[in-house]
Amino acid sequence: MALAAMSGFIAVAAGAFAAHGMTDPTGKELLRTGSSYEMYHALATILCSTVMRAGGARARFAPALFLGGTVLFSGSLYALAFGAPHVVGIVTPIGGLAFLAGWAVLAWGALGADQAA
């Protein structure tokens, strides 16, 4: 939960910087995209605890995928926005795959909760 809260904080900060501090249009868009995805997945990480409390113990694997995906996906977009070499973008799709895997695992956990009820 603490990591999810910190991720939400970073998402808001990145979005605010995109709106008020970044002048480069490409950098703005990269920050906006990164902050949006980071916020979605910070909230999804918190949602995992609700699914686990409802009996979906398998959902416990999803937060690592969501948070790892955030580091790779959003982190690489943030780095690119601040001038990192384009090669950094190689990890962006890996982060996206981690997000997809996290959602699949969360669904798997939620299905387990339905079966346990």
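Note: hydrogens, waters and symmetry copies are ignored here, and every other heavy atom, side chains too, is used.
Under a hydrophobic-cluster definition in which Ile, Leu, Val, Met, Phe, Trp and Tyr are linked whenever side-chain heavy atoms come within less than 4.5 Å, directly or via other members, W108 and L65 are assigned to the same cluster. Connection of Y37 to L80 is established within a shared hydrophobic cluster, with ILVMFWY side chains joined at heavy-atom distances below 4.5 Å, either directly or through further cluster members. Tracing side-chain contacts under 4.5 Å through hydrophobic residues (I, L, V, M, F, W, Y), one never reaches L43 starting from L67; they form parts of separate clusters. At a threshold of 4.5 Å between side-chain heavy atoms, the hydrophobic network of Ile, Leu, Val, Met, Phe, Trp and Tyr places F73 and L30 in one connected group.
Neither side chain, T70 nor E38, offers a donor N or O lying under 3.5 Å from an acceptor on the other.
The two residues V51 and G109 make their nearest non-hydrogen contact at CG1-C, 3.9 Å. The minimum heavy-atom distance between L31 and A14, with the atom names listed, is CB-O, 4.1 Å. Here the shortest heavy-atom pairing between M22 and K28 reads O-CE, 2.7 Å. Heavy-atom minimum distance, R32 versus S35: O-OG, 3.1 Å. When every heavy atom of G8 is checked against every heavy atom of M39, the shortest pair comes out as O-CE, 3.5 Å.
F66 has its side chain within reach of C48: a pair of non-hydrogen atoms, C-beta onward, lies under 4.5 Å apart.
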Can you list, pair by pair, the side-chain donor-acceptor contacts under 3.5 Å of residues 81-107, counting residues two or more places apart and other chains?
unit_1, atom_1, unit_2, atom_2, d
T92, OG1, S76, OG, 2.6
T92, OG1, G89, O, 3.2
W103, NE1, H41, NE2, 3.0

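In terms of modelled atom types and a separation under 3.5 Å, the side chain of R60 and the main chain of A57 share a donor-acceptor contact.
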